[in-house]
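Note: hydrogens, waters and symmetry copies are ignored here, and every other heavy atom, side chains too, is used.
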Amino acid sequence: FTPGAPYDRALLVEFQQALTDTPFFSYAVVTLPPTPEQPDEVPLKVVVRESHLKRLSVGVGYETNTGPHVEVAYRQNLLFGRPWVLLTGARLDQTGGLGYADLQFPPRPSRVQDSIGMLVEDSDVEDLRVRRWGFGAARSQTTGPRIGNNLVTRWSVNFENENRRTPETDWQRLRVLSTTYSWVLREVDSLIEPRRGHILRLEGSVGASGTQLDDVFLSGYGRLQKYFPVGARDVVIARADLGYVQADSIAAVPSKFLFRTGGTTTVRGYSFESLGVKQGTATIGGRALAVASAEYVRWTDYFDGNLGLAAFVDVGDAADNWNSLDPAVGIGLGVRYRTPAGPLAVDVAYGERERQVRVHFSIAIAF
């Protein structure tokens, strides 16, 4: 704000939201007190309450993708006398466990935020055992309002050490240096429960596991979610995912850059990451991904209009190349219930490839 600038309520709300988005304040109110003696020049009043310096949280829960879990997280808003935010924690579930530590630096007036961090993970999903650790640095920037329509870009550089195996293979070790750029555009009427607009995510990576040209890989991924209003309350949600990795062999590509699909928010009716390249009893990541989904949500008058019914069809697969894709189909019905965090979704889906019925639940939030 500059002296003499015209009143802009949207700018005041954005400034207040920016203050509450930081971990330093638990409360912030921005107002313009009336000044009858100077109607053309008023002061800007900002009232804030500081957050607690340290915060420890523990949680238990259950997810249809990864089963029961327990997690602990610790946040400290001041480190070495500087306004650096330390975020660290650990999680255990039926697929394995992970631990992390991130250091976030204060956001700049340009809304650029830098961070560094490290991760250690041990997982076993669909008979693919992965042990990895890594560290990296990232820079993100948000353009546009924080609530509603905005553009978020993120650039990161990472080093990763990965060991993986299946019941049919020995341990394979990879050491990879990579860089990733992501671009997320949100143009929706509501971030929590959109009925109109779209969210587009594009991501590209380049990495190398050695010094030879054959050790270099390129990865690209995109997701488009479209929302179409129907009548006064209903909505049609369409989603499409495409991804591909250019590499001479998947043996030179870390697992996180390869594609598997199946489960909640992807292809319902199948277990978590069960669609991919088959290697004996294991499902490993492939170089190609294609997923599409269509869903119709009808909101009823029950529970003050907060109860909805959904019908959907999901189609998709991950494979070693485009020619090997064999899309699996999942169809089903679901229930939606509005909550302050977004609609709670419970879905019952039939996977035609495996001829099984599975239950999925999630918070059907747009971002």
*asked:* Check Arg336 with Glu193, please: is the shortest side-chain N to carboxylate O separation under 4.0 Å?
replied: no
*Is there a donor-acceptor pair under 3.5 Å between the side chain of Asp314 and the backbone N or O of Arg268?*
yes
*Compute both the distance and the angle, then confirm whether Arg195 meets the cation-pi test with Trp299: under 6.0 Å from the six-membered ring centre, within 45 degrees of the axis.*
no
_Heavy-atom count check: over 12 atoms from other residues, nucleotides or ligands less than 6.0 Å from Ile331 CD1?_
no
*Taking side chain as C-beta onward, heavy atoms only, is Asn77 less than 4.5 Å from Thr22?*
no
*Once the angle between the rings of Tyr337 and Phe303 is folded into 0 to 90°, is it parallel (under 30°), tilted (30 to 60°) or perpendicular (over 60°)?*
perpendicular
*asked:* For a quick check under 3.5 Å, do Thr64 and Thr264 share a side-chain donor-acceptor pair by atom type?
replied: yes
*Answer yes if the side chains of Tyr350 and Glu352 hold a donor-acceptor pair under 3.5 Å, and no otherwise.*
no
*Got a salt bridge between Glu126 and Arg260, using NZ or NE/NH1/NH2 to carboxylate O under 4.0 Å?*
no
*asked:* Taking the basic N atoms (NZ, or NE/NH1/NH2) and the acidic carboxylate oxygens, is any pair closer than 4.0 Å for Glu121 and Lys256?
replied: no
_Strictly below 4.0 Å, N to O, side chains only: are Arg139 and Asp114 in salt-bridge contact?_
yes
_Looking at Tyr244, is its backbone amide N or carbonyl O close enough to the side chain of Arg287 to form a donor-acceptor pair, meaning the two atoms are under 3.5 Å apart?_
no
